[in-house]
Structure formats: C-alpha cells, structure tokens
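Accompanying notes for the structure given below.
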Protein chains: 2
Amino acid sequence: MSGKLGVMAISDDNTGSAPCHRRSICGVACSLDLLGDKWTLLVVRDLLLGKRTFGELQASPEGIPTNILADRLKRLQAEDIVYKELYQERPRRYRYHLSAKGADLGPVLFSLLRWANKHIPGTMSVAEVQAMMEENRS
Amino acid sequence: MSGKLGVMAISDDNTGSAPCHRRSICGVACSLDLLGDKWTLLVVRDLLLGKRTFGELQASPEGIPTNILADRLKRLQAEDIVYKELYQERPRRYRYHLSAKGADLGPVLFSLLRWANKHIPGTMSVAEVQAMMEENRS
DNA sequence: CTGCTCACTTGTTAATTGAAAGTGACTAGA
DNA sequence: TCTAGTCACTTTCAATTAACAAGTGAGCAG
C-alpha cells in the first residue's frame, strides 16, 4: 500500500550528485530537506525583496541571529539557490543574490503568503508586498 | 528603510486572539511560525493524499518518529488545520482530517512540488501525485 | 493466558538553535 | 596617534528540539 502510493522510500543514492540525505523521492520532502525551517525562506524572501548585504538581511524585523544567517547563506550557496558577489576589496564585502533556482521560489512564497492572508488575521496582503517589491527594485 | 519595506516588526499583540508568538506581521513569517519545520507539511501532504489514521501517517516513507507525529498532530489541531474524529469506541480510535484551513495548504504543497520537479532531479512529478490522489480518494 | 495491534507516551541521548560576545579589517574623527 | 564605529562574520554555551528506543494501556484473536 505504501508502495502503491508512489511516495516511495529511497534506498540508495548511487545516482545522486551531491551527498544528499533524501528521506524519500517526494518533491515536498526533498524541498523541506533544503528549506524546512523557520529562517531559510525568510532569507529568500528578503533577497526577493531586494536586500543584498549581510547587514540588510540581519536588519529584517524578525531579527535573525547572525550565526543562523551566516549558516543559512552558506547552505543556500551550497544548494545553488544563492550566490555571492564580491563588491569591495579592502575590506572584503559581499552582496548576495538569488540564482534562477532561488528566484523560482517566488511562487512558493506567494502561495504561503496567500494562505496566511486568508487564514491568519493581520498579515500583509499580496498587493502590499508586490508594491513593496516594485518600490525596491534596484 | 526597514519601515518603508512594509515588513514591519510587531511590537505588541493586544488585538490578537491566541497567545501567538509572531516574529512580524509578514504572512511568510507567520506561516513559517506554524509550518516551518521538516515534518509538519509532510503530515499535511499525507492527509491531502487521504491518509487518516496515526498508523497510516506513521507508515509514510520518510519514517516520521511517533513522538514527532503525535506532537505535530497536536499542534495542527491547536491551529485548526487538522481535526480528529473518533471512529471507534472501545478501544478509542481516531481518524484525522484536514479542515478548510488545512486543505487550503494544497497550493503551497503544489508550488513546493513544482519547484522540486524543476530543480531537484529524481523527484515525483505533479501529474504522478495527482494520479495518486485520485487513486486514493475515499 | 499468550501474543498481537493500534495509538500513543516516556525516557535518553544527539543535534540544532538562539542570545550574546568576540574578531578582524578597515574608515572617520579628535 | 588614539578612539570610536561599521561591517561581516565566528565563537561560545545554555537551552530547546529531534531522534531513537522502549514502554504503556486498551482491547482482540486463538
């Protein structure tokens, strides 16, 4: 019956490229392996909104701890969701950007946002966020 | 500048109904406060796929630990995303169901799945999952 | 009475998180 | 030159959370 469901267990990873720890071949499970925590998608959100530097990301209202931010940026780079650009030598300063893979998370964030708007009172509307995004395009 | 972005910090929760611990009024952040971990959305996925009992949920290929499953079902019920139905006295047995709020997470799961299909090789397609869902409708 | 299922709960240990402080490379001002 | 401040992290460590294994209680089948 569990096999029939198609959400089958993955026994081995002999064909995989990275040393990934997939719990199954289900796309939802694989996505959550990469994005399933309280902070990762907030970092992606901020990058979509045009934030670029460590300091800007840190300054978000949710107040992400700096060690978690550094760790998440590292993980997201390892997954090719984010890349960094050196914009200044002496001292070295970086700007972070979403790759195409990262930018494709936009619809995920919008669906989360739509759900929140419908079911959690007091959350910002999609229209408000889109206005914000236009306002902040560099 | 952070105020201008609209993703503003929430200072107080004097109007809120539940004793919620919102990090901000951003819908993404609020959603992640409820759903942001590796297991919660997998439970929602299984309920969408028609699984109903504790044992069926436990039997998913990802192998959720029973204490985590019990905890997540408790949390999801507290958030009115899931409700349980007593289908048997002596011994008491329950069936779990998604509320309307929970069923509305479908689009979130589909967007995650579409992202995975595009960017994580070897994940199941939306078509496969939809076929599965039809097959398992009670 | 024995073993079995289901739906959990309870330990115990391992890993992760979060708050705060520290580091290194600079820049600007007295 | 000395002091203070910014930026981008890293380190430390207590506290929370997760994972694994085992146990519990209510029944049922032989």
Side-chain angles (χ1 to χ4, degrees), chain A residues 1-2 9-10 19-24 29 32-43 46-47 50-79 82-97, chain B residues 1-2 9 19-24 29 32-43 46-47 51-79 82-97:
Chain A
M1 184 178 181
S2 64
I10 192 162
C20 57
H21 302 293
R22 284 187 188 179
R23 291 177 291 180
S24 74
L32 292 176
D33 284 339
L34 307 181
L35 312 166
D37 71 277
K38 288 209 184 318
W39 293 111
T40 303
L41 284 176
L42 288 185
V43 174
D46 286 343
L47 291 170
K51 300 195 179 186
R52 289 287 165 260
T53 64
F54 193 95
E56 283 172 6
L57 293 167
Q58 193 189 158
S60 277
E62 290 85 10
I64 185 169
T66 56
N67 55 343
I68 305 258
L69 176 55
D71 176 76
R72 294 304 184 274
L73 286 171
K74 219 169 277 177
R75 286 195 206 183
L76 288 168
Q77 286 172 80
E79 296 296 338
V82 163
Y83 63 95
K84 69 178 170 186
E85 160 209 13
L86 184 71
Y87 73 94
Q88 182 188 291
E89 290 275 3
R90 359 233 62 245
R92 290 185 151 244
R93 293 284 156 76
Y94 298 99
R95 258 195 279 269
Y96 294 93
H97 299 268
Chain B
M1 183 175 182
S2 65
C20 59
H21 302 293
R22 284 187 187 179
R23 293 176 291 180
S24 75
L32 292 176
D33 284 339
L34 307 181
L35 311 166
D37 71 277
K38 286 209 186 319
W39 294 110
T40 303
L41 284 176
L42 287 185
V43 174
D46 286 344
L47 291 170
K51 299 194 179 187
R52 290 286 165 261
T53 63
F54 193 95
E56 282 171 9
L57 293 167
Q58 195 190 156
S60 277
E62 289 84 11
I64 185 169
T66 56
N67 56 343
I68 305 258
L69 176 56
D71 176 77
R72 291 306 183 274
L73 286 170
K74 218 168 279 176
R75 285 196 206 182
L76 288 168
Q77 286 171 80
E79 296 297 336
V82 164
Y83 64 94
K84 69 178 171 185
E85 160 210 11
L86 183 72
Y87 73 94
Q88 182 189 290
E89 289 276 4
R90 356 234 61 244
R92 291 185 150 246
R93 293 283 155 79
Y94 297 99
R95 258 195 279 270
Y96 294 93
H97 299 268

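Proteins get letters first, then strands, A, B, ... in listed order; numbering begins at 1 in each. Since this is a predicted model, take the numbers as computed values, not measurements.
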### Task
Identify the heavy atoms of Lys51(A) and Leu47(A) that sit nearest to each other, and give their distance.
O-CD2, 3.2 Å

### Query
Between Leu73(A) (CG) and dT10(D) (P), how many Å, whole number?
10 Å

### Integer-rounded Å distance: dT10(D) C1' and Tyr94(A) OH
14 Å

#### Entry: Donor-acceptor contact below 3.5 Å, side chain Lys38(A) vs main chain Asp37(B)
no

### Query
Tell me, for nucleotides 13-30 of chain D in 5' to 3' order, what letter each nucleotide earns: B for a base near a protein heavy atom under 4.0 Å, S for only sugar-phosphate near one, - for neither?
-----SBB------S---

### Message
Measure CD/Gln58(A) against P/dT6(D) and give the value in whole Å, please.
### Response
12 Å

#### Entry: Integer-rounded Å distance: dA8(D) C1' and Phe54(A) CZ
6 Å

### Message
From CG of Asp33(A) over to P of dT16(C), roughly how many Å is that when rounded to an integer?
### Response
13 Å

### Query
Atom CD in Glu62(B), atom CG in Leu57(B): separation rounded to 0.5 Å?
11.5 Å

#### Entry: Side chain Glu56(A), main chain Ala59(A), donor-acceptor under 3.5 Å
no

### Query
Residues in side-chain contact (heavy atoms from CB on, under 4.5 Å) with Gln58(B), at least two apart?
Phe54(B), Thr66(B), Leu69(B)

#### Entry: side-chain contact (heavy atoms from CB on, under 4.5 Å) partners for Arg95(B), two or more places apart
Arg52(B), Thr53(B), Glu85(B), Tyr87(B), His97(B)

### Query
Is the phosphate of dC6(C), meaning OP1 or OP2, less than 4.0 Å from a side-chain N or O of Tyr87(B)?
no

### Query
For dA8(D), does either OP1 or OP2 sit under 4.0 Å from a side-chain N or O belonging to Lys74(A)?
no

